[in-house]
Amino acid sequence: MADLKDKLENQIESSKANEPAENEEYSLSDDRRVKVLSPGQLVAKRFFRNRLAVTGMVVLIIMFLFSYLGGIISPYRQDQKFYRTDYQSKDYAGVIHNEEYRYTVADKDLFKSSVQAQALMNIIKENDKFDYNGVSYTLEKLADELYTVSSGGKIVGIASKELVTPSTTDKLSFDFTLNAYRAKAEKKDSFEADGISFKIDQDGIITAADGTEIAYISSYIVRAVMGDVFFSREYKEELIAAVESGADSFEYKDENGETFDYKLQYDAANKLWNVKQTKETKIFDTYSAPSKEHWLGTDRNGMDMLTRLMYGGRVSLMIGFIVVLIEGLLGVILGGIAGYFGGWVDGLIMRMVDVFYCIPSLPLFIILGAAMDAAGVPSMLRMVYLMLILGFLGWAGVARLVRGQILSLREQEFMTATEASGIAPSRRIFKHLIPNVMPQLIVFLTMSLGSTIIMEATLSFLGLGVRFPFASWGNIINDVNDTFVLTNYWFIWIPAGVLLLLTVLAFNIVGDGLRDAFDPKMKR
Amino acid sequence: MRKYIIKRLLQSIVILFFVAFIVYVLMRCLPTSYIEAIAREKSMQPGSKSYEEWMAQLSVTYGMDGSILSGFIKWVFSYLKGDFGDSWKWTVPVITKFQDTVWISFVMGFIAFIIELIIAIPLGIIAATKQYSKADYTISVIALAGISLPTFFFASLLKLLFSVKLGWFDLFGLVGRNYDQLSAFGQIMDKANHLVLPIITLVVVSMGSLMRYTRTNMLEVLNADYIRTARAKGLSEKKVIYHHAFRNTLIPIVTIVGGSLPGLFAGALITETLYAIPGIGYASYQSMIAGDIPFSMFYLVFIAVLTLLGNLIADILYAVVDPRVRIA
């Protein structure tokens, strides 16, 4: 006892010492004598004493700033796609240097492939006559590696290592081919075939009188890999020059002024040069690693991940708040009515609550989401439906809470006082009852914000909630369904998951803190 | 007591009726994507009838013609007769598919539930007995983190760590590639191996709320007068907590545990889907996506029954465990 007395005296002394220096006297009724705190201030004081809750609050504020300010600060739009240039090399042409005799046939019956083989043998043996199957043939040498085969004074075919290739899709007549070979062999610069005159230059290029190219004679055959490609003469000359000089690449500027790189590769097995065109193409900059321009890289569509996260945060938070608002409004109104009026109204509303409590919400959302897929609901409308559905299925919990609170409050003296003073029921409910339910309601709604955000994210993750082009944290993580992304691109899904976890955790911690702060029985 | 149970059962049946009605109406109002898909496919075939004709014919075949109300009445009577219809997606009777899938879900859920109890209850009690200590804060934060953790994110993290980086488990499925070559024991071990990650996911995601519940209740009990009395008469702290307080904390815990037992049959829709475990949850997810009305309907009603049953068991247990509670 003595100890206690000492302590008390000490306390009084010390409190005296702490008193302001000027010896002001306060009267008992003076407001300044004691520091007066309103209930709200008391709650705030208790809340801010809770370090964990304050941390949660700070996290939430950061999340809001990140989502709402971040979207403004970010230099990119949420649906801005980024491109990178890529070099695509594709097969473009093949060049064959002809080293065998090829035959141009005038008479199919007299110059069959068996005769061709005989002709070849006799060319090698340097005979100028041979018989085959009772028919006699004459070989006439026009130039090196260029022979005509005739039978009975009529030319039936040509054997040559050089070839006359048409420049257009038209077929060349035998007369034209023969006269072209002759002109080339005799180094003339024009010839006549089928009654029309043509010009031929030293490179073996044959043009019509009006200057259009008809065909060319060369031991190189250039063919296109793709059917719709047409090679210009300049291109072929350039290509053949490159082949002859043994170069392995060359550049060519086409008619449109575009310069392409070509790579030459000699395929010894097939004795041909593969020509590859290297084309610069623009492709979406998908899944690029974090860099200075994109701090968290880019996503599947080549969009900036950080910006997507900011906008995704907006969507996730907004959906959370709107859903909770719907839930809260419906719950307070229905719960308030049930609790205040009691009787059959209460019974009816509470049975409704039971029914809604029993409806399995997640499966229902999945069914609705799948149905919206089938109906092809546009993304924006989907989001609205999602909020409405989540809100309308979630009010039962709020209603139950509000009703329970009101039932106990209704019996208290202050309600009897309101009744005695004749205040209208609506005013009694909304002015006197609801404010007293507020603390529990705020706690409940804060907690359900967290679970709503998780629900939305889960649905979006399954591809049934928020849809592209809108981002939400859930549908950002959706990419992880692709095992390749899960394995290789952590920056696509981990940040979104961490943000989601932090936000929900913060909502729950703040809700907890608020509950403790509102609870007057709390000792601390 | 019996009167109470009968009253509750009757109430539950009424609630169930309305739940089924709401769900049925919703299902019928939505576009039946399954029939539409088949009709579209059939009408594409050369020389086939038009889409509309196929739609009309298939609606009759699948029993989707007629008004919603008459359809619902028909549905109720066939369920009363124990005829649950045929699943469209699985092309077997709904009940067969249900029996095929429900047990794996139950096994998974049950193991997870036991582990959850073993972890959550002791931690909750420790947190309460050492209120405001570091241990309390840690446990509270862990519990909240578990509640806040999105299942799909946690599952992805586990997959990345254990399946991709360490290669201990497969990413998907219930059985491995060489399952058929294994011995009977090997097959069980293979399944067990595939269930490890789903069970970890389930435990971590769901233990938070039980932990918090235990803590809150233990705190309430510790503030009760009889605990002060126990302390005042000089009992050791150990005896006070584990003998007097713990027993009383068990009352609400047993209630909630009993109430969540039926839920074990409901399957874990998200977790099973993420790990492609062929349980009731995954099967119904696939059915729902495909627009398989009979199976989805069955699953939704089944879950509603389980919820009602859970509530009923919880309330009855409450009276059974706590003799102070009188229910009328």
Side-chain angles (χ1 to χ4, degrees), chain A residues 51-52 56 351-352 354-360 362-376 447 450-451 453-455 457-458 461-464 473-474 477-478 480-481 483 486-488 490 493-494 496-498 500-509 511-512 521 523-524, chain B residues 11-12 14-16 18-19 21-23 26-27 29-34 36-37 132 137 140-141 144-145 147-154 156-157 159-160 163-165 171-172 208 212 266 269-270 273-274 281 284-285 288-291 293 296 299-308 311:
Chain A
R51 241 183 290 158
L52 199 60
R351 290 298 82 74
M352 259 165 73
D354 284 339
V355 169
F356 272 85
Y357 235 83
C358 205
I359 292 179
L362 183 65
L364 206 61
F365 295 143
I366 292 175
I367 292 170
L368 290 169
M372 280 197 271
D373 270 359
M447 301 285 226
S451 54
I453 290 175
I454 287 200
M455 182 64 109
T458 307
F461 173 79
L462 293 172
L464 300 165
W473 287 337
I477 309 180
N478 178 298
V480 89
N481 282 333
T483 312
L486 169 78
T487 320
N488 295 303
W490 63 269
W493 60 279
I494 294 203
V498 170
L500 194 57
L501 171 62
L502 279 180
T503 308
V504 178
L505 188 60
F507 272 123
N508 282 335
I509 287 177
D512 244 20
K521 283 181 282 184
K523 282 179 189 156
R524 303 200 315 153
Chain B
Q11 245 173 24
S12 299
V14 174
I15 292 172
L16 192 64
F18 280 107
V19 170
F21 183 68
I22 292 176
V23 172
L26 264 175
M27 292 266 221
C29 289
L30 295 174
T32 47
S33 49
Y34 183 83
E36 277 173 15
Y132 303 133
Y137 274 121
S140 296
V141 170
L144 267 181
I147 295 174
S148 314
L149 204 54
T151 314
F152 57 92
F153 179 58
F154 185 61
S156 300
L157 282 177
K159 279 183 181 180
L160 180 66
S163 302
V164 177
K165 298 279 180 219
L171 276 173
F172 298 107
R212 279 161 59 86
L269 199 145
I270 301 288
T273 306
L274 289 172
S284 42
Y285 174 74
M288 288 186 277
I289 293 294
I293 292 182
S296 310
Y299 181 65
L300 286 169
V301 172
F302 178 62
I303 291 197
V305 170
L306 292 179
T307 314
L308 289 168
N311 289 344

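Order of the sequence lines sets the chain letters (A, B, ...), proteins ahead of strands, with each chain counted from 1.
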Count the heavy-atom pairs under 4.5 Å between each of A:Asp354, A:Leu52, A:Ile366 and chain B, then report the option with the highest count.
A:Ile366
Within the structure provided, determine whether B:Leu149 and A:Val504 are in side-chain contact (heavy-atom separation under 4.5 Å).
no
Value for OG1 (A:Thr483) from NZ (B:Lys159), rounded to nearest 0.5 Å, stands at 7.0 Å
Quick one: of B:Val23, B:Leu157, B:Ile22, who has the most non-hydrogen atom pairs under 4.5 Å with chain A?
B:Leu157
Shortest non-hydrogen contact from B:Ser148 to A:Leu505?
OG-CA, 3.2 Å
Which region of A:Ile453, side chain (C-beta onward) or backbone (N, CA, C, O), has a non-hydrogen atom less than 4.5 Å from a non-hydrogen atom of chain B, or is it both or neither?
neither
Mind checking whether A:Ile454 and B:Phe152 have side chains closer than 4.5 Å, heavy atoms only?
no
Interatomic distance, A:Arg351 atom CZ to B:Phe18 atom CZ [nearest 0.5 angstrom]:
11.0 Å
Please state whether the side chain, the backbone, both or neither of B:Leu306 comes within less than 4.5 Å of a heavy atom of chain A.
neither
Answer with side chain, backbone, both or neither: which region of A:Thr503 has an atom nearer than 4.5 Å to a non-hydrogen atom of chain B?
neither
Correct closest heavy-atom pair for A:Pro363 and B:Leu269 would be CG-CD1, 4.3 Å
For B:Tyr299, is it the side chain, the backbone, both or neither that has a heavy atom under 4.5 Å from a heavy atom of chain A?
side chain
Cut-off 4.5 Å, heavy atoms of chain A, and the answer for B:Ile15 is both
Relative to each other, are the rings of B:Phe153 and A:Trp493 parallel, tilted or perpendicular (30° and 60° limits)?
perpendicular
Is there a side-chain contact between B:Thr151 and A:Thr458, using heavy atoms and a 4.5 Å cut-off?
no
Using a cut-off of under 4.5 Å for heavy-atom pairs, which of A:Asp373, A:Asn481, A:Thr487 has the most such pairs with chain B?
A:Thr487
When rounded to the nearest 0.5 Å, the distance separating CH2 of A:Trp490 from OG of B:Ser156 is 15.5 Å
Please state whether the side chain, the backbone, both or neither of A:Val355 comes within less than 4.5 Å of a heavy atom of chain B.
both
At a 4.5 Å cut-off on heavy atoms, which part of A:Ile509 comes close to chain B: side chain, backbone, both, or neither?
both
Rounded to the nearest 0.5 Å, how far does CE of B:Met288 lie from CG of A:Leu362?
7.0 Å
Whatever's closer than 4.5 Å to a heavy atom in chain B on A:Ile477 counts as side chain
Where B:Ala304 and A:Cys358 come nearest, the two heavy atoms and their spacing:
O-SG, 3.5 Å
Distance, nearest 0.5 Å, that separates CG of B:Leu26 from CD1 of A:Ile367
8.5 Å
Please flag which part of B:Leu16 lies under 4.5 Å from any non-hydrogen atom of chain A: side chain, backbone, both or neither.
neither
Is there a side-chain contact between B:Val19 and A:Phe356, using heavy atoms and a 4.5 Å cut-off?
no
Contact leader toward chain A among B:Ile303, B:Thr273, B:Leu160, where contacts are heavy-atom pairs under 4.5 Å
B:Leu160
Check whether any side-chain heavy atom of B:Val164 sits under 4.5 Å from a side-chain heavy atom of A:Leu486, and report yes or no.
yes
Side chain to side chain contact (heavy atoms under 4.5 Å, CB included) between A:Asp512 and B:Leu144, worked out:
CA-CA 10 Å; A:Asp512 244 20; B:Leu144 267 181; 4.1 Å; yes
pair B:Thr307-A:Pro360: side-chain heavy atoms closer than 4.5 Å
no
Determine the option with the most heavy-atom pairs under 4.5 angstrom with chain A, choosing from B:Ile289, B:Leu300, B:Val14.
B:Leu300
